[in-house]
Amino acid sequence: MRNYFNLLSKSFCLFLVFFANIDTTVLSQNMTINVREIGASANGKSDDTDFFIKAIESAYKKSKVKSGWREPMKIFIPSGHYIISKPILDKASNVYGGKFVFEGEGWQNTIIEYNPNVDSYLFDNQQMIGFTTFIGIDFRSNNKGLFMHGVGGGTGNAQSFIFEKCKFSKWETIISSQGNSMMSEVTFRDCKINGSDERSVLFQLNNQQAVNWRFISTDIESVGGIIFDFTKGCSINFYQGSIIPIGKSIVFNVNEKADVNSFGGGNNPLVNCIGVRFELKDKSKLISINKFNVNSNFDFYSCGMGGENITDQFAVETMDSGVITFINCENLKKFKFKHNISNSTSWTKPLRVIFINKCPPLDFMSNSVCNKVVNDAGTPIYSFINCGINTDIRPFAKGSYFTPINSTPIKVSKNVFSPSPMSNRTDITIKKSWNEMWRIKLPDVNILSMKLYITDGINYGSKTSDFEIKLTNKAGTVIFIQDNYSQSKARQRVYEWKIPVYSASSDEMILHVKPINYDGAKFGITSFVVLEY
């Protein structure tokens, strides 16, 4: 009997030791952590910061590990008003590779108010958590709060965030995207953002892989400051919803510190707005580009542009590159554009403004301005397609260095040049060095673009034709295109220009070929050139 009680006593002691090492955070039957059940008061007065920190850490510890990530565990935030005074996630948080679901009971009922004493992020997320969802929460601040610092990289952390039916009021910054990788796949669905002041920068895009940010049926209204600020190339897609800036705010801003090297190739700032309702109130702007040589692309499809709210501000201020397209857009009637063009490089790839199906009254151009441009090829090209007129013009190319003084905007022309007026086929006797196939007289204008089309190669030998080709000016001092042509890979090829140029009087364009793998005495080529100027 004594041995029995000794055994029972030892077992009870072991149970106490085991129990003491268990995280006693309350879990519901579906493995959800409820912040109220672990102590949060939600009375709008008491500080609930520590309970949120505990909830995040507990959810992380109890979630299952899968492929290096912790699978999502729900943190339930019942109705109430929660006061937060400091970050609930930062470098000290041991939650690397965490996934979470933060679920409230609707933004009308669940309120999280963040009023920090110093500049700090509620979620200082430096390569820690990702694939996280926020549902049904009203996030409030005091115009000083910073919501999320998203630093992408590492193992892919800090990417893929979904905000659904959430509200953000009076934030200085909602997401600051930093780093050189990840921070992609951010979605705002059925959300409301309002109340920011003139100091705010709501979305800071300083990560060239901050791509596929989607705003779906989301309203950004009565906001000051800058809404989207680009420092590196990123992409934003905005579907329906509304954007109503106030004061001197800017919707899309490419700031003066933009990294031009991160805007090249596939990393251009890319904005697509489909069915969005804009209202440019007070002195607000739609687009402001403050850096030369940034090839920004903005596409607006079936949007209400809110032109009736414009006073005397320039709705769009640009530099020297990029494309802005308005397709089926309403209410552009008071839009004015301001262009600041660089004389050194702008003529290599001039800015284009395109209106399709609907356009503002043409007298809007008389209210728009452009600085004096030395080379007319640098001035912006405005295209009007199927909206009363069909033409490409340079409205500000008047009386500059290469152009006679006049008061009429210069039309942009496209011409097809063929080596022969009767046929675009040329046959020549081939030697092993460079061979001149044909030459064409160039127009005495600024050439904007050049494309060489080879539609067929005519083989007179037993081997398949492989040639090096080179398109130059008459003196050979400018090489427009240099590449290879292989009939075995493709009989038809299109080559785009490499070096834009101002064509001097009486200059010519010459196509040279040099055999790489060919044994015929003759060779033929069918080709033509399209120039835009």
Side-chain angles (χ1 to χ4, degrees), residues 21-28 30-35 37-38 40 48-77 84 86-104 112 114 120-137 139 146-164 166 173-189 203-214 232 234-235:
N21 289 324
I22 293 179
D23 185 342
T24 56
T25 301
V26 178
L27 297 177
S28 63
N30 63 354
M31 298 299 288
T32 296
I33 292 179
N34 187 321
V35 296
E37 291 179 359
I38 62 174
D48 290 324
T49 304
D50 291 339
F51 300 107
F52 277 82
I53 294 173
K54 183 179 181 181
I56 291 172
E57 292 176 347
S58 298
Y60 178 80
K61 290 177 182 178
K62 294 179 181 299
S63 57
K64 295 180 180 179
V65 179
K66 185 177 180 181
S67 301
W69 285 87
R70 298 281 186 148
E71 289 304 291
M73 177 170 284
K74 184 184 294 184
I75 297 174
F76 181 56
I77 310 168
I84 306 295
K86 63 182 181 181
I88 59 176
L89 181 127
D90 57 21
K91 289 182 178 179
S93 304
N94 188 22
V95 293
Y96 285 93
K99 301 178 182 179
F100 300 93
V101 175
F102 296 87
E103 183 173 327
I112 295 178
Y114 181 53
S120 59
Y121 289 90
L122 181 62
F123 291 87
D124 192 359
N125 184 24
Q126 301 192 41
Q127 302 180 6
M128 284 187 289
I129 72 170
F131 300 90
T132 291
T133 300
F134 300 84
I135 305 174
I137 303 171
F139 293 103
L146 312 173
F147 183 79
M148 179 178 289
H149 185 206
V151 182
T155 59
N157 302 3
Q159 66 169 322
S160 191
F161 294 93
I162 296 175
F163 300 88
E164 185 171 340
C166 290
T173 295
I174 296 174
I175 296 180
S176 175
S177 170
Q178 307 290 329
N180 294 313
S181 62
M182 301 307 170
M183 201 55 209
S184 60
E185 316 299 332
V186 175
T187 302
F188 285 76
R189 183 184 296 113
F203 299 97
Q204 298 176 347
L205 296 155
N206 191 19
N207 184 323
Q208 63 196 46
Q209 288 192 14
V211 296
N212 294 331
W213 285 31
R214 300 170 286 256
K232 294 183 180 179
C234 316
S235 65

Separation between CD (Gln127) and NZ (Lys91), nearest 0.5 Å, reads 10.0 Å
Least distance between heavy atoms, Cys234 atom then Leu205 atom: SG-CB, 3.5 Å
Residues forming a side chain to side chain contact (heavy atoms under 4.5 Å, CB included) with Ser184, sequence neighbours excluded: Gln159, Val211
To the nearest 0.5 Å, what is the distance between NZ on Lys74 and CD1 on Ile33? 12.5 Å
Side chains of Ser177 and Trp213: closer than 4.5 Å at any heavy-atom pair? yes
Given the rule in the side-chain contact (heavy atoms from CB on, under 4.5 Å) test, do Asp50 and Lys86 qualify, once you have shown the distances and angles that lead to the verdict? CA-CA 9 Å; Asp50 291 339; Lys86 63 182 181 181; 3.9 Å; yes
Value rounded to 0.5 Å, distance of CD1 in Ile53 from CG in Asp90: 7.5 Å
Taking only residues two or more places apart in sequence or in another chain, which ones pass side chain to side chain donor-acceptor pair (under 3.5 Å) with Asp124? Gln126, His149
Could you tell me how the ring of Phe188 sits relative to the ring of Phe163: parallel (under 30°), tilted (30 to 60°) or perpendicular (over 60°)? parallel
Can you tell me how far apart CZ (Phe52) and CD1 (Ile75) are? Round to the nearest 0.5 Å. 8.5 Å
Residues forming a side chain to side chain donor-acceptor pair (under 3.5 Å) with Asn212, sequence neighbours excluded: Glu185
Main-chain N/O of Tyr96 paired to Tyr60 side chain as donor or acceptor, under 3.5 Å: yes
Check side chain to side chain donor-acceptor pair (under 3.5 Å) between Gln178 and all other residues, then give those that pass, not counting sequence neighbours. Ser176, Asn206
Closest heavy-atom pair and its distance - Tyr121, Met148: CD2-C, 3.4 Å
I'd like to check the side chain to side chain contact (heavy atoms under 4.5 Å, CB included) partners of Thr132; sequence neighbours left out, ordered by chain and number. Phe100, Phe102, Ile129, Phe134, Phe161
Can you find a pair of side-chain heavy atoms, one from Phe131 and one from Ser160, that are under 4.5 Å apart? yes
Roughly how far apart are Ser235 OG and Gln209 CD, rounded to 0.5 Å? 11.0 Å
What's the separation between atom CG in Asn207 and atom CD1 in Ile175, rounded to the nearest 0.5 Å? 12.0 Å
Not counting sequence neighbours, which residues clear side chain to side chain contact (heavy atoms under 4.5 Å, CB included) with Phe51? List them please. Ala40, Asp48
Under a 3.5 Å threshold, yes or no: a donor from one side chain and an acceptor from the other, between Tyr114 and Ser120? yes
